[in-house]
Amino acid sequence: MSVLIYAESAEGKFKKVALELASYAKKVAESLGTTVTAVTVNASDVSELGKYGVDKVLKVTNDKLATFNAKAYADVIKQAAQKEGSKVVVLSSTTDSLYAAPIVAVALNAGFATNVVALPESTSPFVVKRNSFSTKAFSHTELTTDVKVIALAKNSFGLVEAAGAAAAEDFAPSLNDADFSLKVEGVEKVSGKVTIADADVVVSGGRGLKGPENWKMIEDLAEVLGGALACSKPVSDLGWRSHEEHVGQTGKPVAANLYIAVGISGAIQHIAGVNSSKVKVAINTDAEAPFFKVADYGIVGDAFQVVPQLVEKLKEFKAKNA
Ligand SMILES: Cc1cc2nc3c(=O)[nH]c(=O)nc-3n(C[C@H](O)[C@H](O)[C@H](O)COP(=O)(O)OP(=O)(O)OC[C@H]3O[C@@H](n4cnc5c(N)ncnc54)[C@H](O)[C@@H]3O)c2cc1C
């Protein structure tokens with residue numbers, strides 16, 4: 001009956017979303033009067049999960065699962081849910097988990113809710129609050145199936161430490177050869193950079209920066225904050241920045257703790273993809289720019305003056321508080 005989470009890891013280490021899922025599942029389990037089990041794939045030290053409320057870890061170690069494979073991973077999660085008799089399965093909203101989650105739901109004959117942003121409003125009936133319409137509205141969804149699969153929106157719950165230790169158990173689910181018909185020949189990794197998906201802070205530049213030669217100050221701001229770089233769609237369309245940095249409705253979604261938009265007007269398609277960020281800051285010369293309507297903090301000013309000063313002040317602050 002345990003609440004089951006799939007705790008994602010990269011190179012053996014848990015991603016932050018895994019710890020957020022554990023924190024969330026702990027609260028769900030408490031309201032259901034049960035425990036939390038995590039299933040992990042090729043994670044090395046699983047003890048960290050215990051600090052966030054996981055009671056038991058089903059540890060899968062298998063070279064065939066070295067690279068993500070949606071069907072095979074979904075099969076592993078399904079078998080873990082069946083072993084534990086789980087009625088609630090929680091996954092994160094990373095690209096990998098959102099790929100596997102519907103497959104898990106079909107395999108378990110379960111109702112599936114994405115973009116869940118809070119603890120269930122009630123567990124009987126089982127109702128969850130979700131982001132809808134590109135985060136412009138909330139919906140309240142009742143899952144009526146016996147088993148429920150939910151995908152938690154990133155940064156919607158946060159990390160909550162719990163005193164406890166997780167008991168680890170090796171788990172060897174059966175793997176279906178047919179799920180491995182696509183062979184990954186190689187993986188190219190970006191090194192030394194924070195990715196938009198994992199970043200707590202994202203610094204984003206728009207057409208207001210006039211040209212790619214002016215990105216140094218955006219890079220400096222991202223560096224001093226330990227953040228990832230992003231940009232608006234026209235910036236990547238113009239070839240000023242790589243398409244990988246394009247965020248928004250048609251680009252990558254951002255759900256950071258802090259999103260700083262520099263020289264970005266705040267078109268609806270841009271906001272749709274970044275609105276889930278906790279704190280949004282806009283820097284723009286135009287006080288009427290739509291971004292200011294959704295920003296928590298705004299600076300009406302020329303980015304070419306504001307950003308270098310901000311970088312300077314942040315460096316001073318960091319030096320004083322080192
Ligand atoms: C189907 C569709 C999907 C789309 N998907 C996306 C998407 O995913 N992501 C996305 O970003 N866009 C998307 N767009 C495009 C979107 O509508 C806007 O055109 C785009 O977001 C505008 O980019 P921008 O803010 O960089 O440029 P602009 O709208 O040109 O804004 C530039 C801003 O910079 C300010 N500025 C100028 N000089 C300075 C200065 N010196 N200092 C500070 N500020 C300054 C200006 O006041 C202005 O507000 C999509 C559009 C469509 C139709």
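Positions are given from 1 along the sequence. Bear in mind that the values here come from a model prediction, so they are computed numbers and not experimental data. Indexing begins at 1, ligand by ligand and atom by atom, following the structure's order. Side-chain atoms are counted along with the backbone in the values below, which use heavy atoms only and exclude waters and symmetry mates.
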**Student:** Please tell me if the side chains of Asn155 and Ser276 come closer than 4.5 Å, counting only heavy atoms from C-beta onward.
**Tutor:** no
**Student:** Touching ligand 1 at all, Leu209? Heavy atoms, strictly under 4.0 Å?
**Tutor:**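 Distance cut 4.0 Å: Leu209 fails for ligand 1.
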**Student:** Hey, are Glu20 and Lys154 close enough for a salt bridge, meaning a charged N less than 4.0 Å from a carboxylate O?
**Tutor:**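 Result for this pair is no, no salt bridge flagged.
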**Student:** To the closest 0.5 Å, what do you measure between OH (Tyr297) and CG (Leu258)?
**Tutor:** 10.0 Å
**Student:** Any side-chain heavy atom of Lys87 within less than 4.5 Å of one from Met1?
**Tutor:** yes
**Student:** Quick one: look up the protein heavy atom nearest atom 11 (O) of ligand 1 and list residue, atom name and how far away it is.
**Tutor:**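 Ranked first by proximity to atom 11 (O) of ligand 1 is His270 ND1, 2.8 Å.
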**Student:** Please determine whether any non-hydrogen atom of Gly251 lies less than 4.0 Å from an atom of ligand 1.
**Tutor:** yes
**Student:** Counting from 1, what ligand 1 atoms have a heavy atom of Gly206 closer than 4.0 Å?
**Tutor:**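 Every atom of ligand 1 under 4.0 Å from some heavy atom of Gly206: 26 (O).
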**Student:** With a 3.5 Å distance limit and no angle check, can you tell me whether Ser2 reaches the backbone of Leu4 through a side-chain donor-acceptor pair?
**Tutor:** no
**Student:** Out of Lys233, Gln249, Gln305, whose heavy atom sits nearest atom 10 (C) of ligand 1?
**Tutor:**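 Selected option, by shortest heavy-atom distance: Lys233.
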**Student:** Report the C-alpha separation of Lys64 and Asp177 in whole Å, then their side-chain angles, then the decisive distance to 0.1 Å, and conclude whether the salt bridge (charged side-chain N to carboxylate O under 4.0 Å, His left out) test is met.
**Tutor:** CA-CA 10 Å; Lys64 282 181 97 173; Asp177 283 344; 3.0 Å; yes
**Student:** Below 3.5 Å, can you tabulate the donor-acceptor pairs from side chains in residues 45-55 to any protein atom, sequence neighbours excluded?
**Tutor:**
| unit_1 | atom_1 | unit_2 | atom_2 | d |
| --- | --- | --- | --- | --- |
| Asp45 | OD1 | Ser47 | N | 3.1 |
| Asp45 | OD1 | Ser47 | OG | 2.8 |
| Asp45 | OD2 | Ser47 | OG | 3.3 |
| Asp55 | OD2 | Val36 | N | 2.8 |

**Student:** Looking only at protein heavy atoms, which one is nearest to atom 45 (C) of ligand 1, and what is the separation?
**Tutor:**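 Nearest protein contact, heavy atoms only, for atom 45 (C) of ligand 1 is Thr285 OG1, 3.4 Å.
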**Student:** Taking 4.0 angstrom as the limit and counting only heavy atoms of Asp302, give me the atoms of ligand 1 inside it, by number and element.
**Tutor:** 40 (C), 41 (N), 42 (N)
**Student:** Counting only heavy atoms, tell me which of Val307, Asn284, Val262, Thr250 gets closest to atom 47 (O) of ligand 1.
**Tutor:** Asn284
**Student:** Report the part of Ala303 in contact with ligand 1, treating N, CA, C, O as backbone and CB onward as side chain, heavy atoms under 4.0 Å; options are side chain, backbone, both, neither.
**Tutor:** both
**Student:** How far is atom 19 (O) of ligand 1 from its nearest protein heavy atom, and which residue and atom name does that atom have?
**Tutor:**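 The closest one turns out to be Pro234 CG, 4.3 Å.
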**Student:** With a 4.0 Å cut-off on heavy atoms, does Gly301 reach ligand 1?
**Tutor:**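 True for this residue.
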**Student:** What part of Phe304, side chain from CB on, backbone N/CA/C/O, both or neither, has a heavy atom under 4.0 Å from ligand 1?
**Tutor:**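 Just the side chain.
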**Student:** Output the list of atoms in ligand 1 that are nearer than 4.0 Å to some heavy atom of Asp286, sorted by atom number.
**Tutor:** 47 (O)
**Student:** What is the nearest protein non-hydrogen atom to atom 33 (C) of ligand 1, stated with its residue, atom name and distance?
**Tutor:** Gly263 O, 3.4 Å
**Student:** Which bit of Ser232 gets closer than 4.0 Å to ligand 1, counting heavy atoms only: side chain, backbone, both or neither?
**Tutor:**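 Both backbone and side chain.
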**Student:** Tell me, which protein residue and heavy-atom name are nearest atom 29 (O) of ligand 1, and how many Å apart are they?
**Tutor:** Ser265 OG, 2.8 Å
**Student:** Are there more than 12 heavy atoms of other residues, nucleotides or ligands under 6.0 Å from atom CG of Leu238?
**Tutor:**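 Above 12, so yes.
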**Student:** Which residue supplies the protein heavy atom nearest to atom 53 (C) of ligand 1, what is that atom called, and how far is it?
**Tutor:** Gln269 NE2, 3.8 Å
**Student:** Protein heavy atom under 4.0 angstrom of atom 40 (C) of ligand 1, is there one?
**Tutor:**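 Yes, because at least one protein heavy atom sits under 4.0 Å from atom 40 (C) of ligand 1.
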**Student:** So if I apply the side chain to side chain contact (heavy atoms under 4.5 Å, CB included) rule between Tyr73 and each of Ile103, Asp179, Val41, which one comes out positive?
**Tutor:** Val41
**Student:** Are there more than 12 heavy atoms of other residues, nucleotides or ligands under 6.0 Å from atom CD of Glu316?
**Tutor:**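 It does: Glu316 CD has more than 12 such atoms within range.
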**Student:** Within ligand 1, which atoms have a heavy atom of Val247 less than 4.0 Å away?
**Tutor:**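 Counting atoms of ligand 1 from 1, those under 4.0 Å from Val247 are 7 (C), 8 (O), 9 (N), 10 (C), 11 (O).
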**Student:** Run Ser204 and Tyr259 through side chain to side chain donor-acceptor pair (under 3.5 Å) and show every step you take.
**Tutor:** CA-CA 7 Å; Ser204 194; Tyr259 180 75; 2.8 Å; yes
**Student:** Provide, to 0.1 Å, the distance between atom 18 (C) of ligand 1 and the closest protein heavy atom, together with that atom's residue and name.
**Tutor:** Ala267 CB, 3.5 Å
**Student:** Could you check whether Asp75 pairs with Lys71 (Lys NZ or Arg NE/NH1/NH2 to Asp/Glu carboxylate O, under 4.0 Å)?
**Tutor:**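 Salt bridge flag = no for Lys71 with Asp75.
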**Student:** Do the side chains of Glu169 and Phe171 get nearer than 4.5 Å, heavy atoms only?
**Tutor:**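 Contact flag for Phe171/Glu169 side chains = no.
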**Student:** Closest non-hydrogen protein atom to atom 38 (N) of ligand 1, residue and atom name please, with distance?
**Tutor:** Lys210 NZ, 2.8 Å
